[in-house]
Amino acid sequence: MGGREGTDRGVGPLSRPFDREILSGPVLAAGRELLGAVLEVDSPQGTVAVALSEVEVYAGLADPASHAYRGRTGRNAVMFGPAGFLYVYFVYGMHWCCNVVCGPDGEPSAVLLRAGRVVAGEELARARRPAARTATELARGPARLAGTLGLVGTDTGADLLDPASPIRLLAGTRIPDAKVRRGPRVGVAAAAEVPWRIWVDGDPTVSAYRANTRRRVAT
DNA sequence: CCATTGATCGTCT
DNA sequence: GACGATCAATGGT
């Protein structure tokens with residue numbers, strides 16, 4: 001169960017993989033270009049695809065909010081490899097969140113996929129996320145997006161740009177500059193001032209902005 | 001609409 | 001042993 005064996009293409013072979021050159025370049029530019037791209041995931045239950053509306057950039061070893069900040073560990077190892085691979089991590093004891101590894105090989109950057117619109121497999125997405133009251137909520141937020149797509153930690157390392165992969169990043173409709181907005185990252189304590197959250201202006205699938213909500217420790 | 005809080009565990013110190 | 005790149009339920013305005 002939970003494997004990626006049974007393939008059943010949704011968007012189909014007409015769509016082309018995202019450009020690895022773009023992902024391998026400067027991570028902020030890569031994040032901006034990911035808006036409008038489509039992440040498509042096969043499972044035995046079917047295929048779900050999401051068009052990205054919101055992302056966050058985590059920029060290499062110098063970014064104190066990045067999982068790579070304190071160097072290579074078992075969890076973040078894939079970030080240190082080439083661009084275009086999937087990094088899925090577990091947070092708050094119950095949620096998965098997914099990233100696209102970006103930047104040059106050896107420079108551990110990643111782009112967190114924060115939100116998107118379900119463009120294929122909505123019935124399966126709704127079965128996975130029964131709490132969603134509307135279609136726009138199915139992938140509004142990073143853990144919801146990962147849950148809608150059925151992504152978990154063992155999916156880390158998938159080559160998103162291989163057409164034969166069950167988890168594929170596809171070139172979608174590029175968002176024009178006039179609709180691209182940037183601001184502070186969500187829920188991040190370190191480097192809270194850098195405007196590395198990028199989203200599509202006015203898109204209802206974009207998550208509600210929350211400044212970091214770290215709990216106060218009991219006195 | 002907004003603010004608050006409990007849930008829950010892998011990962012790193 | 002502490003802490004999250006969060007969500008959903010709850011209760012107030």
Side-chain angles (χ1 to χ4, degrees), chain A residues 2 23 27-28 30-32 34-35 39 50 52-80 83 85-103 107-116 118 125-157 181-199 202 204-219:
Chain A
L23 297 183
V27 62
L28 195 55
R32 180 258 177 273
L34 280 169
L35 293 180
L39 187 61
V50 165
L52 303 175
S53 62
E54 180 190 3
V55 301
E56 266 175 8
V57 166
Y58 288 84
L61 285 168
D63 179 359
S66 169
H67 286 176
Y69 182 58
R70 290 177 169 81
R72 184 176 183 139
T73 67
R75 179 177 68 160
N76 67 21
V78 70
M79 291 180 70
F80 288 73
F85 289 78
L86 186 68
Y87 169 45
V88 185
Y89 69 91
F90 188 64
V91 273
Y92 293 111
M94 64 198 89
H95 301 303
W96 297 100
C97 297
C98 59
N99 299 249
V100 176
V101 174
C102 289
E107 185 173 305
S109 297
V111 173
L112 172 67
L113 308 184
R114 283 201 56 88
V118 173
R126 283 188 176 275
R128 286 174 173 157
R129 299 214 41 77
R133 310 196 32 153
T134 66
T136 61
E137 286 183 347
L138 286 168
R140 189 170 80 151
R144 290 163 168 174
L145 185 151
T148 276
L149 291 171
L151 294 173
V152 295
T154 51
D155 294 314
T156 291
R181 293 196 144 244
R182 284 175 52 187
R185 293 180 291 191
V186 178
V188 171
E193 72 284 359
V194 293
W196 287 347
R197 172 186 181 227
I198 313 173
W199 69 93
T205 65
V206 171
S207 70
Y209 173 70
R210 302 269 179 265
N212 116 54
T213 54
R214 205 157 114 193
R215 291 301 149 75
R216 187 179 60 84
V217 187
T219 52

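Below, chains carry the letters A, B, ... as their sequence lines are ordered, and counting in each starts from 1.
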What integer distance in Å separates [X]:[atom1] from [N]:[atom2]?
X: A:Ile198; N: C:dA5; atom1: CD1; atom2: P; result: 19 Å
X: A:Arg185; N: C:dA5; atom1: CZ; atom2: C1'; result: 8 Å
X: A:Tyr209; N: C:dC7; atom1: OH; atom2: P; result: 15 Å
X: A:Arg210; N: C:dG4; atom1: CZ; atom2: C1'; result: 18 Å
X: A:Leu86; N: C:dA5; atom1: CG; atom2: C1'; result: 15 Å

For this session: Taking only heavy atoms on the protein side, list every residue of residues 135-146 of chain A lying under 4.0 Å from any atom of DNA chain C, sorted numerically.
Result: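 Output list: A:Gly141, A:Pro142, A:Ala143, A:Arg144.
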Exercise. According to a strict under-4.0 Å criterion, is A:Arg197 in side-chain N/O contact with OP1 or OP2 of C:dA5?
Worked result: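 Result: no.
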Are the side chains of [X] and [Y] in touch, meaning some heavy atoms are under 4.5 Å apart?
X: A:Leu113; Y: A:Val55; value: yes
X: A:Asn76; Y: A:Pro108; value: no
X: A:Trp96; Y: A:Leu151; value: no

Exercise. Which salt bridge (Lys or Arg N to Asp or Glu O under 4.0 Å) pairs, counting each pair once, include a residue from residues 128-137 of chain A, with sequence neighbours left out?
Worked result: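 Pairs touching residues 128-137 of chain A that pass the test: none.
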Exercise. Partners of A:Arg75 by side-chain hydrogen bond (donor to acceptor under 3.5 Å, both in side chains), sequence neighbours excluded?
Worked result: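 In terms of side-chain hydrogen bond (donor to acceptor under 3.5 Å, both in side chains), with neighbours along the sequence ignored, A:Arg75 is linked to no residue.
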Exercise. How does protein reach along nucleotides 8-13 of chain B, written 5' to 3' as B (base within reach of a heavy atom under 4.0 Å), S (only sugar-phosphate), or - (no contact)?
Worked result: BBSSSS
Exercise. Starting at the 5' end of DNA chain B, what dot-bracket string do you get if Watson-Crick and G-U pairs under 3.5 Å are bracketed, crossing pairs use [ ], other-strand pairs use | and unpaired bases use dots?
Worked result: |||||||.||||.
Review item, side-chain donor-acceptor pairs of residues 185-197 of chain A, under 3.5 Å, at least two apart:
unit_1, atom_1, unit_2, atom_2, d
A:Arg185, NH1, A:Val57, O, 2.9
A:Arg185, NH1, A:Asp63, OD2, 2.7
A:Arg185, NH2, A:Asp63, OD1, 3.1
A:Arg197, NE, A:Glu54, OE2, 2.6
A:Arg197, NH2, A:Glu54, OE2, 3.0
A:Arg197, NH2, A:Ser207, O, 3.0

For this session: Work out which heavy atom in A:Val27 is nearest to a heavy atom in A:Cys102; give both atom names and the distance.
Result: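 In this case the closest contact between A:Val27 and A:Cys102 is CG2-CB, 3.9 Å.
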